[in-house]
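Have a look at the structure below before the remarks.
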Amino acid sequence: MSVRIKGFLETSFLDWPGKVSAVLFLPGCNFRCPFCHNHELWTEPEKLEDIPLQYILERMGTFRDWIDGVCITGGEPTLQGGLRDLILELRGLGLGIKLDTNGSHPEVLEELIEEGLLDFVAMDVKAPLDPFRYQRAAGVSVDLGSIRRSIEILEEGKVDYVFRITVVPGLHTEGDIMELASELRGSKGLLLQNFNPQNAYDPALRSRRPYPEEWLRELQQAVNEIIAPAGLTQVA
């Protein structure tokens with residue numbers, strides 16, 4: 001199997017809404033988000049020890065009755081050619097699969113969904129869907145056609161999903177978030193995540209103060225009213 005695993009969290013109550021999951025971290029990413037706090041997965045992946053899949057399977061086999069599934073995150077998992085095989089191995093344990101993705105490879109996302117290999121997808125949408133703001137938030141030029149296609153695939157409703165955005169002072173305004181909510185109107189939800197300055201990829205952001213939690217909660221309510229999702233009212 002060609003997938004390399006650089007991080008393994010045995011149990012998490014945060015990564016899959018309403019479920020207890022293990023978390024696998026895969027290396028490599030095609031974005032360079034200045035606020036990323038997992039950037040060692042793509043800046044220095046060789047400095048991180050590979051975790052053998054067999055060890056992970058054995059560990060999860062001992063506590064699979066305690067967890068609902070596995071969250072595969074990164075980095076950007078859809079860059080990994082062996083992602084499908086990894087999912088099949090995990091499904092062999094009877095575990096559900098949640099995928100975190102930036103939506104840049106809709107063909108991979110669609111294939112996994114069509115094969116029934118995913119149970120939940122969290123897609124990080126970086127900014128309103130225009131080239132300048134998206135590039136600024138993603139740190140690279142982004143094919144917005146691919147992002148839009150991934151959004152369309154999820155909105156078809158063949159798998160449970162949520163859209164997410166990390167809200168960063170200086171990168172996102174209230175107007176930006178409301179605009180994105182309008183672009184995602186009718187979807188299952190846009191979850192607002194607060195920016196964490198600790199270990200941000202761009203050193204200039206490490207001293208930047210996040211938006212107040214109360215302000216973000218109020219903004220989440222306003223977003224919910226635009227999108228009208230079912231039950232997504234909590235800021236992560």
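Side chains of Leu79 and Val108 form no contact here, defined as non-hydrogen atoms less than 4.5 Å apart. The closest side-chain heavy-atom distance from Met60 to Leu90 is below 4.5 Å. At least one side-chain heavy atom of Arg84 sits less than 4.5 Å from a side-chain heavy atom of Leu117. Side-chain contact between Leu9 and Thr11 is absent, with no heavy-atom pair separated by less than 4.5 Å. Proximity of Asn38 to Phe25: side-chain heavy atoms (C-beta onward) are separated by under 4.5 Å at one or more points. Contact check for Phe195 versus Arg208: side-chain heavy atoms found under the 4.5 Å cut-off. When side chains are defined from C-beta on, Asn194 counts as touching Pro210, because their heavy atoms get closer than 4.5 Å. Between Leu154 and Phe163, some side-chain heavy-atom pair lies under the 4.5 Å cut-off.
Val167 and Leu14 fall into different hydrophobic clusters, where Ile, Leu, Val, Met, Phe, Trp and Tyr side chains are chained together by heavy-atom contacts under 4.5 Å. In the hydrophobic clustering of this structure, Ile5 groups with Ile97; members are Ile, Leu, Val, Met, Phe, Trp, Tyr whose side-chain heavy atoms approach within less than 4.5 Å, directly or through other members. With hydrophobic clusters built from ILVMFWY side chains whose heavy atoms lie under 4.5 angstrom apart, Trp215 shares a cluster with Ile177. Put simply, Tyr201 and Leu205 are part of two different groups of oily side chains (I, L, V, M, F, W, Y) that touch within less than 4.5 Å, one to the next. Grouping the Ile, Leu, Val, Met, Phe, Trp and Tyr side chains by contacts below 4.5 angstrom, directly or via other members, places Val125 apart from Val168.
Using a distance-only test at 3.5 Å, with no hydrogens or angles considered, no donor-acceptor pair links the side chain of Gln80 to the main chain of Gly28. Between the side chain of Lys98 and the main chain of Asp15, a donor-acceptor pair closer than 3.5 Å is present. Of the possible polar contacts, one joining the Gln220 side chain to the Leu190 backbone as a donor-acceptor pair under 3.5 Å is found. Judged by distance alone, the side chain of Arg206 and the main-chain N or O of Ala200 form a donor-acceptor pair under 3.5 Å. Remark: side-chain polar atoms of Tyr134 are paired, donor with acceptor, to backbone N or O of Lys126 under 3.5 angstrom. Distance alone, capped at 3.5 Å, places no donor-acceptor pair between the Asp68 side chain and the Lys19 backbone.
The environment of CD in Glu49 is sparse: at most 12 heavy-atom neighbours from other residues, nucleotides or ligands sit within 6.0 Å. More than 12 heavy atoms of other residues, nucleotides or ligands sit less than 6.0 Å from atom CD of Glu156. Within a 6.0 Å radius of CH2 in Trp66, other residues, nucleotides and ligands contribute 12 heavy atoms or fewer.
Looking at Glu179 and Arg133, a side-chain N of the basic residue comes within less than 4.0 Å of a carboxylate O on the acidic one, giving a salt bridge. Checked for salt-bridge contact, Glu46 and Arg4 meet the test: a charged N lies under 4.0 Å from a carboxylate O. With respect to the salt-bridge test (charged N to carboxylate O, under 4.0 angstrom), the residues Arg91 and Asp119 qualify. Contact check on Asp160 versus Lys188 returns a salt bridge, with a Lys/Arg side-chain nitrogen under 4.0 Å from an Asp/Glu carboxylate oxygen. Salt bridge annotation for Arg59-Glu10: present, with a cationic side-chain nitrogen under 4.0 angstrom from a carboxylate oxygen. Remark: Arg149 does not engage Glu107 in a salt bridge, criterion side-chain N to carboxylate O under 4.0 Å.
Closest approach of His37 to Asn199, counting heavy atoms only: O-ND2, 3.1 Å. The two residues Leu41 and Lys6 make their nearest non-hydrogen contact at CD2-CB, 3.7 Å. Minimum interatomic distance between Cys29 and Asn102 (heavy atoms only, all atoms of both residues): SG-ND2, 4.2 Å. Minimum interatomic distance between Val23 and Ser12 (heavy atoms only, all atoms of both residues): CG2-CB, 3.8 Å. Nearest heavy atoms, Thr166 versus His172: O-CE1, 3.0 Å. Nearest heavy-atom pair, Pro106 versus Ile153, reported as atom, atom and distance to 0.1 Å: O-CD1, 3.5 Å.
Between Asn30 and Ser104, the side chains place a donor N or O and an acceptor N or O closer than 3.5 Å (distance only, hydrogens not considered).
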Under the criterion side-chain contact (heavy atoms from CB on, under 4.5 Å), I'd like the reasoning laid out for Ile147 against Met123: C-alpha separation, chi angles, the key distance, then a yes or no. CA-CA 10 Å; Ile147 303 301; Met123 178 176 163; 3.7 Å; yes
CA sep, side-chain torsions, deciding dist, call: Asp85, Val3, side-chain contact (heavy atoms from CB on, under 4.5 Å): CA-CA 9 Å; Asp85 291 338; Val3 170; over 6 Å; no
Are Ile165 and Gln193 close enough, and set up right, to give a side-chain contact (heavy atoms from CB on, under 4.5 Å), and what steps lead you there? CA-CA 6 Å; Ile165 183 170; Gln193 301 180 134; over 6 Å; no
Does the side-chain contact (heavy atoms from CB on, under 4.5 Å) test come out yes or no for Ile87 and Leu118, once each step is laid out? CA-CA 8 Å; Ile87 291 172; Leu118 302 178; 3.9 Å; yes
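Ring geometry, Phe8 versus Tyr55: the interplanar angle exceeds 60°, so the pair is classed perpendicular (tilted spans 30 to 60°).
To the nearest 0.5 Å, atoms CG (Leu99) and CZ (Phe120) are separated by 11.0 Å. The line from CZ of Phe13 to CD1 of Ile67 is 11.0 Å long, rounded to the nearest 0.5 Å. In this structure, CH2 in Trp16 is found 10.5 Å from CG in Asp100, a value given to the nearest 0.5 Å. Note: Ser141 OG to Gln135 CD = 5.0 Å, rounded to the nearest 0.5 Å. For the atom pair CD of Glu183 and CD1 of Ile227, the computed distance is 10.5 Å after rounding to the nearest 0.5 Å. To the nearest 0.5 angstrom, Ser150 atom OG is 9.5 Å from His105 atom NE2.
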